[in-house]
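Take a look at the structure set out below.
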Amino acid sequence: MAGEAPGGGEKPLLVLRDVGKSFSNGVTALRNVDLAIGQGDFVSLLGPSGCGKSTALRLIAGLSTPTTGLLDWRGDARGRADIGFVFQEPTLLPWATVFDNVWLPLRLRGVSRDKATPAIKEMIERVHLTGFENAMPRELSGGMKMRVSIARGLVTKPRLLLMDEPFAALDEITRFRLNDDLLDLWQDERFTVVFVTHSVFESVFLSNRIVVMAARPGRVFREISVDAPYPRDDAFRTSPDYAALCREASGVLGEAITLGGGLDDGH
Ligand code: ADP
């Protein structure tokens, strides 16, 4: 469509138009960001520290407002109410069971435990934690805590899931498993994902689009389309296609770091 922001396929869910964000200390975290997020996209924001990835996610989440430009929500206007979040820290309630942690977003919407039970059980099963409903967070491994966090993020059936380096603190094997399981969920449920990561390998494995960002000021540097078909699995992870895509994304990230300076001072 003429004048449309890049990406986003045929049906954008959200379009960022000339979005900028400056802070009172003079840091320009984002400048002139034009980006369309398409319904059903798995978009990774990839870039060095300080390029504004988290700021972009916070703007989309409605936790912060842009200094310039606007966020244009499309489709039915449920917009911001229809977002799930998963952060690097699972941030579970330490005194609540797995079941009650997953209930939380529904509880905040006034859904009783009884009424929420089928949705909670379904999500716990989908993240492979059946049998751990009554476990406390302290009894779980890092990967299991992240599974609870994903179940909690998806229990409201959001159309958009925002993930801020969710697997960065996990060991590689756990990370691979969670990548696989997240893709299964995404393919089955058809929600849209915006995924912040430092990892070229992870962004190529997961996404259909990689938005490479540069710093100083934070901006979109280039977009890479990852045309490999889904489902993606271990065969893809070890394929020449995957290696070639990782090389391409690494090259673009290298350019973004060189041109952006790669230093986290934001000016
Ligand atoms: P990334 O997630 O890519 O590491 P951020 O979005 O966290 O980058 O930060 C982008 C820039 O904005 C950085 O220079 C950071 O220091 C700065 N920044 C982020 N939040 C604030 C804030 N609340 N006040 C001032 N500067 C901030």
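Throughout, numbering of the chain's residues begins at 1 and tracks the sequence.
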Can a donor-acceptor pair be found, under 3.5 Å and without considering hydrogens, that links the side chain of Tyr242 to the backbone of Ala235?
no
Show the nearest heavy-atom pair for residues Leu140 and Ala135, with the distance to one decimal.
CD2-CB, 4.0 Å
If we count only N and O atoms by modelled type, under 3.5 Å, do the side chains of Ser112 and Asp114 hold a donor and an acceptor together?
no
Compare all side-chain heavy atoms of Ile210 with those of Arg222 and state whether any distance is below 4.5 angstrom.
no
What I want to find out is whether Lys53 reaches Glu165 closely enough, with some N-O distance under 4.0 Å, to be called a salt bridge.
no
Anything under 30° is parallel, anything over 60° is perpendicular, the rest tilted; go ahead and classify Phe195 against Phe42.
tilted
Quick one, Val148 and Val102 - any side-chain contact, counting heavy atoms below 4.5 Å?
yes
Please step through side chain to side chain contact (heavy atoms under 4.5 Å, CB included) for the pair Phe85 and Leu57, ending with a clear verdict.
CA-CA 10 Å; Phe85 304 92; Leu57 217 59; over 6 Å; no
Calculate, to the nearest 0.5 Å, the distance between atoms OG and CD1 belonging to Ser203 and Ile224 respectively.
7.5 Å
Would a 4.5 Å heavy-atom cut-off, applied to side chains only, mark Pro90 and Arg147 as touching?
no
Evaluate the side-chain proximity of Val200 to Leu46: yes if any heavy-atom separation is below 4.5 Å, no if none is.
yes
Can you check whether Asp184's main-chain N or O pairs, donor with acceptor, with Gln187's side chain at less than 3.5 Å?
no
Worked check of side chain to side chain contact (heavy atoms under 4.5 Å, CB included) between Met144 and Glu139
CA-CA 9 Å; Met144 291 164 90; Glu139 300 172 279; over 6 Å; no
I want to check something: taking the side chain as every heavy atom from C-beta on, are Leu13 and Arg159 in contact at a cut-off of under 4.5 Å?
yes
Side chain to side chain contact (heavy atoms under 4.5 Å, CB included) for Val226 and Asn208? Distances and angles first, verdict last.
CA-CA 5 Å; Val226 185; Asn208 64 322; 5.5 Å; no
Find out if a path of hydrophobic residues (ILVMFWY) with successive side-chain heavy-atom gaps under 4.5 Å connects Phe176 to Leu185.
no
Please tell me whether Val111 and Val155 are part of a single hydrophobic cluster in this structure, the criterion being side-chain heavy atoms less than 4.5 Å apart.
yes
If hydrophobic clusters are built from ILVMFWY residues whose side chains come within less than 4.5 Å, do Tyr230 and Phe191 share one?
yes
Nearest heavy atoms of Asp41 and Trp186, plus distance in Å:
O-NE1, 3.7 Å
Minimum heavy-atom distance Pro105-Thr156, with the two atoms named:
CB-CG2, 3.8 Å
Distance in Å, Leu14 CG paired with Leu35 CG, rounded so as to fall on 0.5 Å steps
7.5 Å
Is a donor on one side and an acceptor on the other found under 3.5 Å between the side chain of Ser239 and the backbone of Phe236?
yes
Return yes if a side-chain donor-acceptor contact under 3.5 Å exists between Thr174 and Asp171, otherwise no.
yes
Asp180/Arg177 ion pair, N-O < 4.0 Å:
no
Before accepting this row, confirm whether a basic side-chain N of the pair Arg113/Asp100 lies closer than 4.0 Å to the acidic partner's carboxylate O.
yes
Do the side chains of Leu30 and Arg219 get nearer than 4.5 Å, heavy atoms only?
no
Do the side chain of Thr28 and the main chain of Ser22 share a donor and acceptor less than 3.5 angstrom apart?
no
Tell me the closest heavy-atom pair linking Asn101 and Leu93, and the distance in Å.
OD1-N, 2.7 Å
Check the pair Val193, Met163 against side chain to side chain contact (heavy atoms under 4.5 Å, CB included), reporting the backbone distance first and the verdict last.
CA-CA 7 Å; Val193 184; Met163 307 186 84; 4.0 Å; yes
Taking a hydrophobic cluster as the set of Ile, Leu, Val, Met, Phe, Trp and Tyr residues connected by side-chain heavy atoms closer than 4.5 Å, whether directly or through intermediates, do Leu161 and Leu104 fall within one such cluster?
no
Test Glu133 against Lys121 for salt bridge (Lys or Arg N to Asp or Glu O under 4.0 Å), laying out the working first.
CA-CA 8 Å; Glu133 291 82 352; Lys121 281 194 166 160; over 6 Å; no
Which value, rounded to the nearest 0.5 Å, describes the distance between Met123 atom CE and Leu154 atom CG?
4.5 Å
Thr97 side chain to Asn134 main-chain N or O, any donor-acceptor pair under 3.5 Å?
no
Cation-pi between Arg232 and Phe205: NZ/CZ under 6.0 Å from ring centre and within 45° of the ring axis?
no
Are Phe87 and Leu160 joined in one hydrophobic group, where the rule is that I, L, V, M, F, W and Y side chains link up if heavy atoms are under 4.5 Å apart?
yes
Heavy-atom nearest pair, Phe221 first then Leu259, reads CE1-CD1, 3.4 Å
Determine yes or no for a side-chain-to-main-chain donor-acceptor pair under 3.5 angstrom, with Glu248 supplying the side chain and Cys246 the backbone.
no
Say you draw a straight line from OG1 of Thr197 to CG of Leu206; how long is it, rounded to the nearest 0.5 Å?
8.0 Å
Under a 3.5 Å threshold, yes or no: a donor from one side chain and an acceptor from the other, between Thr91 and Arg152?
yes
Measure the shortest side-chain to side-chain distance between Ile150 and Leu178 over non-hydrogen atoms and say whether it is less than 4.5 angstrom.
yes
Using every non-hydrogen atom in the two residues, find where Phe23 and Ala29 come nearest and quote the distance to one decimal.
CE1-CB, 3.5 Å
Interatomic spacing from CD1 in Ile60 to CD1 in Ile83 - rounded to 0.5 Å:
8.0 Å
Rounded to the nearest 0.5 Å, how far apart are CE of Met213 and CG of Leu45?
6.0 Å
Less than 3.5 Å apart, any donor N or O on the side chain of Ser207 or Ser44 sitting next to an acceptor on the other?
yes
Any side-chain donor paired with an acceptor under 3.5 Å for Asp164 and Ser54?
yes
Could you check whether Arg74 pairs with Asp72 (Lys NZ or Arg NE/NH1/NH2 to Asp/Glu carboxylate O, under 4.0 Å)?
yes
Salt-bridge criterion met for Lys157 and Glu122 (N-O under 4.0 Å)
yes
Counting N and O atoms only, with roles assigned by atom type, does the side chain of Asn32 sit under 3.5 Å from a partner on the main chain of Asp18, one being a donor and the other an acceptor?
no
Over 12 non-hydrogen atoms of neighbours within 6.0 angstrom of CG in Leu108
yes
Between Lys145 and Glu89, does any side-chain N to carboxylate O distance fall below 4.0 Å?
no
For a 4.5 angstrom cut-off between non-hydrogen side-chain atoms, does Lys21 reach Ser64?
yes
